[in-house]
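Working notes, beginning with the structure itself.
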Amino acid sequence: MFVLPWPLPALLTWALAWALFVLLRQAELQAVVAMLAAALLGLASAMLQVPRWRRLMVAGGFPLSLLITAGARDLPGWAWLLPFALLALAYPRRSWGDAPLFPTPRNALQDLATLAPLSAGARVLDAGCGLGHGLRELRRCYPQAHLSGVEWSGLLALLARLLCPWAEIQRGDMWSQSWQGFQMIYVFQRPESMPRVWAKAVAELAPGAYLVSLDFAVAGEAPLAQVDLPRGHCLWLYRRPI
């Protein structure tokens, strides 16, 4: 997959956001509506960036540049709360304790089907699915599996449903949702949350079920397999004893 080198994604997003803002203003739409549409474009592009500081730069570039130009003269003061409201909607306060939005890299799971074979119709859950990058990689591995995702952010869950219409995606708390009945759980979390992930897997997964973690191991537990990936990533595979 072709990836633009940094900072081209930010520059391209800012240019497109400004172009959209100008076009909407020329179409005689209200300044607030034009700003909101351009800010949404910037936010959508920011969700594809890693790490977090890049997302903030991509999402904030257009509103900040608009603020210091004459383009802001027609905007009421409260309009500047809209970009921050969009960011809060995409990344609500309750999700701050979990992993931020880090997309699963393409082909990161390409060896998974060999290491952890699943029967047709097996149920697989991406716990904290974000925009569905992990679900798309899981689908490449297990095209016959029943794929599900859970995401706390309502906006991200909605976008994931649009991007992954073949998956069952719920807006909810990955910690309160039961993992019973799933043959595989996939997570891309943080080191601090991995003990909680393992405890939930042990308590709820059936014997023989798999836990797959990108980048972060379960301390003190021997993995079934460990796969080193490009760009410093690592895939950890665990299995509940039969």
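These numbers come from a predicted model, not from an experiment. Heads up: numbering here begins at 1 and tracks the sequence.
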Side-chain donor/acceptor pairs under 3.5 Å, residues 207-214, sequence neighbours excluded:
from : atom 1 : to   : atom 2 : distance (Å)
S213 : OG     : F216 : O      : 2.5

If you define the side chain from C-beta out and look only at heavy atoms, does anything of M174 sit under 4.5 Å from W179? yes
Just so I know, are the side chains of F182 and S148 near enough to count as touching, which here means a heavy-atom distance under 4.5 Å? yes
Within-4.5 Å side-chain heavy-atom neighbours: M184 and L125: no
Considering all heavy atoms, the nearest R25-A34 contact: CD-CB, 3.9 Å
Are the side chains of L135 and I169 in touch, meaning some heavy atoms are under 4.5 Å apart? yes
Using every non-hydrogen atom in the two residues, find where L131 and R136 come nearest and quote the distance to one decimal. O-NH1, 3.5 Å
Would you mind reporting whether L109 and C141 have side-chain heavy atoms less than 4.5 Å apart? yes
With a 4.5 Å limit on heavy-atom distance, are the side chains of W236 and D215 in contact? no
Testing the basics here: between F188 and P103, what is the closest heavy-atom pair and its distance to 0.1 Å? CE2-O, 3.8 Å
Taking atom CG of L235 and atom CD of Q110, what is their separation to the nearest 0.5 Å? 10.0 Å
Is there a side-chain contact between L16 and F21 (heavy atoms, below 4.5 Å)? no
Contact summary for A222 and Y238, nearest pair of heavy atoms: O-CD2, 3.8 Å
